[in-house]
Amino acid sequence: MAVRYQSLRGFSDLLPGETELWQAFETRARRALARYGFREIRPPHLEKTELFTRSVGEGTDIVGKEMFTFEVSGDSVSLRPELTAQVCRAYIEHGLDRRGLGRLYYVGPAFRKERPQKGRLRQFHQVGVEVFGESAPETDVEVIAVALETVAAAGVEQPRLLLNSIGDPESRTAYKRILVAALESVRAQLCADCRTRLERNPLRVLDCKVDHCRTLTADAPRIDEHLSDDARRHFDAVRAGLDRLGIAYQVDPRLVRGLDYYVHTTFEIQAEGLGSQNTVLGGGRYDGLVAQLGGRQVPGIGWAAGIERLLMAAGVDTAESREVLDLYLVTLGPRAREGALELAQKLRAEDLRVGWDTAGHGLGGQMKRAGRSGARYAVLVGDDELERGLVSVKDLSSGEQSEAPLEPGELAVWLRRRSEEQC
RNA sequence: GUGGGCGUAGCUCAGCGGUAGAGUCCCUGACUGUGGAUCAGGAUGUCGUGGGUUCAAAUCCCAUCGCCCACCCCA
């Protein structure tokens, strides 16, 4: 382990075995997203810092202390700590509203300078969606539905959907005042963190984990009792829609998102087995954001999920035993050995994944390598086979052996037919 | 950012002042007509890094880097 260089704290390598799991997840997730009409967008990793401070919020921890920020030609730039602001920027910049591109998704890394922990890296990966220009509650329902499908695509069992409404900006501001006033009497007894939250982001006092604080705030006024009529109607319609689709959820009046731009519907999906980082997906509506960033008054809603967390929650181990080659070529005798390079190439031209022993070990050694290579079949070529125009094909998991044509095109057909028979 | 645990072979880990170990993996052979078994041989480490204490440090002390866990925050 005395390695001269190691990756930076909180930055990690994804190795073969894991990459295949990620690819499989991404393929399933993209399919699900496509079914809802989402198209992929890939914003750059670096962006002007101001975009994030404006959108995520000056007072949030993400902006306050977790961004990787530096200077480029006199501009303050940052590695993106999340993608929503960027997608909004791109939406405005390229006039995507006029091109009918209102449903967008992304897959990629984000960066936050936090202390690493299980399910929390400094470079982590998110898959997320943004919908622009749709304000109806049905949209909220669809966005939540596709969120659940994405979580399912990772193989997470028994996800828990938590739902809340934090109202429109007016009811939210009004509620904040009511909440602060109500907690004034117990202020001194709250934990230190909650006392600062009371100043900076009072809603967050409600989801403090300290038991003592929870008891103190148990009877605090609830946001769902202070929604405007519009907000109330919207939330009821979202719930009705979820009910109609048979989607189970739990209303949690204490569910508050940490980013400033959220309004109305907020939601979160939690999974078991992740310790304290059990939130696997989070999102909500952000109707004012596009306008705030200089665009027209366009409603928006979206969510983001942590891919590392999703895969961890699904509890799939690295796919070590995965089949990575279709066949391993085993040669016997100098004639077959000489033809191996060319034969392998011809088989690859038939779109087969082929391995062979370039080092030229004996039969035993080659079979050993065939077994380890993760190939489905060992294809044996010797003098005998060459003469008869045949190869011996051994199924490496069952041990069954049979003969097949030597000619690459015919062999490819033979192997495919055989694989299908067995599936 | 705060608190705690841990860094020894590619991997999992034992050793905890006195010559660096096990299992596994890897390599070679038995093996030029058959791999996963068995047998025989072999390779591998600045004991995370830097400093200190000591006749002697993987072992004790300090610092530092990284990992893990909790807080915080969030996906």
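A, B, ... follow the sequence lines: proteins, then strands. Residue 1 opens every chain.
Contacts of A/Asn164 classified as side-chain hydrogen bond (donor to acceptor under 3.5 Å, both in side chains), with partners at least two apart in sequence or in another chain: none. In terms of the side chain to side chain contact (heavy atoms under 4.5 Å, CB included) criterion, residue partners of A/Phe70 (sequence neighbours excluded) are, by chain and number, A/Leu46, A/Val72, A/Val77. Contacts of A/Tyr175 classified as ring-ring contact (aromatic ring centres under 6.0 Å, His included), with partners at least two apart in sequence or in another chain: A/His226.
Residue contacts shown for A/Arg372 are limited to sugar-phosphate atoms, with no base heavy atom under 4.0 Å away. At the heavy-atom level, A/Glu308 lies nowhere under 4.0 Å from the strands shown. The residue A/Leu121 sits close to a base: some heavy atom pair falls under 4.0 Å. Within the 4.0 angstrom heavy-atom criterion, only backbone atoms of the sugar-phosphate kind lie near A/Arg197; the bases stay farther away. At a threshold of 4.0 angstrom between heavy atoms, the contacts of A/Ala304 are confined to the sugar-phosphate backbone, with no base atom among them. Across all strands, A/Gly360 comes closer than 4.0 Å to no nucleic acid atom at all (heavy-atom distances).
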Show me the protein contacts with nucleotides 69-71 of chain B, counting only N or O atoms at under 3.5 Å.
{"from": "B/C69", "atom 1": "OP2", "to": "A/Lys118", "atom 2": "N", "distance (Å)": "2.2"}
{"from": "B/A70", "atom 1": "OP1", "to": "A/Ser276", "atom 2": "N", "distance (Å)": "3.2"}
{"from": "B/A70", "atom 1": "OP2", "to": "A/Gln117", "atom 2": "NE2", "distance (Å)": "2.9"}
{"from": "B/C71", "atom 1": "OP2", "to": "A/Ser276", "atom 2": "OG", "distance (Å)": "2.8"}
{"from": "B/C71", "atom 1": "N4", "to": "A/Arg120", "atom 2": "NH2", "distance (Å)": "3.2"}

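Contact annotation: A/His361 reaches the phosphate of B/U28 (side-chain N/O to OP1 or OP2, under 4.0 Å). Contact between the side-chain N/O atoms of A/Arg204 and the OP1/OP2 oxygens of B/C72 is not found at any separation under 4.0 Å. For A/Arg9, a side-chain nitrogen or oxygen approaches OP1 or OP2 of B/C67 to under 4.0 Å.
Atom name P, nucleotides B/G66 and B/G42: the rounded distance is 41 Å, in whole Å. Separation of the C1' atoms belonging to B/A63 and B/C72 is 26 Å when rounded to the nearest angstrom.
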Acceptor/donor pairs from residues 127-134 of chain A side chains to any protein atom, 3.5 angstrom cut, sequence neighbours excluded:
{"from": "A/Glu130", "atom 1": "OE1", "to": "A/Tyr286", "atom 2": "OH", "distance (Å)": "2.4"}
{"from": "A/Glu130", "atom 1": "OE2", "to": "A/Thr84", "atom 2": "OG1", "distance (Å)": "2.8"}
{"from": "A/Glu134", "atom 1": "OE1", "to": "A/Arg103", "atom 2": "NH2", "distance (Å)": "3.0"}
{"from": "A/Glu134", "atom 1": "OE1", "to": "A/Thr139", "atom 2": "OG1", "distance (Å)": "2.7"}
{"from": "A/Glu134", "atom 1": "OE2", "to": "A/Arg103", "atom 2": "NE", "distance (Å)": "3.0"}

List the atom pairs, with distances to 0.1 Å, where a side-chain N or O of residues 362-372 of chain A and a protein N or O form a donor-acceptor pair under 3.5 Å, not counting sequence neighbours.
{"from": "A/Gln366", "atom 1": "OE1", "to": "A/Thr331", "atom 2": "N", "distance (Å)": "2.9"}
{"from": "A/Gln366", "atom 1": "NE2", "to": "A/Thr331", "atom 2": "O", "distance (Å)": "2.9"}
{"from": "A/Gln366", "atom 1": "NE2", "to": "A/His361", "atom 2": "O", "distance (Å)": "2.9"}
{"from": "A/Arg369", "atom 1": "NH1", "to": "A/Gly365", "atom 2": "O", "distance (Å)": "3.1"}
{"from": "A/Arg369", "atom 1": "NH2", "to": "A/His361", "atom 2": "NE2", "distance (Å)": "3.2"}

Run the side-chain donor-acceptor check on residues 402-409 of chain A: report pairs under 3.5 Å with partners two or more places apart or on a different chain.
{"from": "A/Ser402", "atom 1": "OG", "to": "A/Arg418", "atom 2": "NH1", "distance (Å)": "3.1"}
{"from": "A/Glu403", "atom 1": "OE2", "to": "A/Arg388", "atom 2": "NH2", "distance (Å)": "2.5"}
{"from": "A/Glu407", "atom 1": "OE1", "to": "A/Gly409", "atom 2": "N", "distance (Å)": "3.2"}
{"from": "A/Glu407", "atom 1": "OE1", "to": "A/Glu410", "atom 2": "N", "distance (Å)": "2.9"}
{"from": "A/Glu407", "atom 1": "OE2", "to": "A/Gly409", "atom 2": "N", "distance (Å)": "3.4"}

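Ionic pairing of A/Asp326 and A/Arg353 is present here: one or more N-O contacts between side-chain nitrogen and carboxylate oxygen are shorter than 4.0 angstrom. Ionic pairing of A/Glu342 and A/Lys346 is present here: one or more N-O contacts between side-chain nitrogen and carboxylate oxygen are shorter than 4.0 angstrom.
Nucleotide B/A63: paired with B/U49 (Watson-Crick or G-U wobble, both distances less than 3.5 Å). Base pairing of B/G3 is made with B/C69, judged by Watson-Crick or G-U wobble geometry with both donor-acceptor distances under 3.5 Å. Using N1 to N3 plus N6-O4 or O6-N4 for Watson-Crick, or N1-O2 and O6-N3 for G-U wobble, each under 3.5 Å, B/U44 pairs with nothing. Pairing for B/C13 is with B/G21, a Watson-Crick or G-U wobble pair whose two hydrogen-bonding atom distances lie under 3.5 Å. Across all strands shown, the partner of B/G29 is B/C39, judged by Watson-Crick or G-U wobble contacts whose two distances both fall under 3.5 Å. With a 3.5 Å ceiling on both atom-pair distances, B/C74 lacks any Watson-Crick or G-U wobble partner.
In the model, A/Gln292 has no side-chain atom that pairs as donor or acceptor with a side-chain atom of A/Arg54 under 3.5 Å.
Picking from B/U32, B/C27, B/A75 the nucleotide with the shortest atom distance to the side chain of A/Arg369 gives B/C27. Nearest nucleotide to the side chain of A/Glu385, out of B/C73, B/U28, B/G33: B/G33. You'll find that the side chain of A/Leu380 is closest to B/G33, out of B/U28, B/G33, B/C74. Of all nucleotides listed (B/C72, B/C74, B/G66), B/C72 comes nearest to the side chain of A/Asp61.
Residue pairs meeting the salt bridge (Lys or Arg N to Asp or Glu O under 4.0 Å) criterion with at least one member in residues 83-94 of chain A, sequence neighbours excluded, are A/Glu47-A/Arg89, A/Arg89-A/Glu93.
Toward the 5' end of RNA chain B, the nearer of the two residues A/Asn278 and A/Leu363, judged by each one's closest nucleotide, is A/Leu363.
Atoms CH2 and CD, on A/Trp303 and A/Gln126 in that order, are 10.0 Å from each other to the nearest 0.5 Å.
Between the side chain of A/Gln366 and the base of B/U34, no donor-acceptor pair under 3.5 Å is found. For B/C74, its base sits under 3.5 Å from the side chain of A/Arg309 at one donor and acceptor pair at least.
For the pair A/Glu66 CD and B/C74 P, the computed distance is 8 Å after rounding to whole Å. The interatomic distance linking A/Ile62 (CD1) with B/G1 (P) rounds to 17 Å, in whole Å. The distance from atom OH of A/Tyr261 to atom P of B/A75 is 7 Å, rounded to the nearest whole Å.
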### Summary
Per-nt protein contacts along nucleotides 36-43 of chain B (heavy atom under 4.0 Å; B base, S backbone sugar-phosphate only, - none) come out as B-------
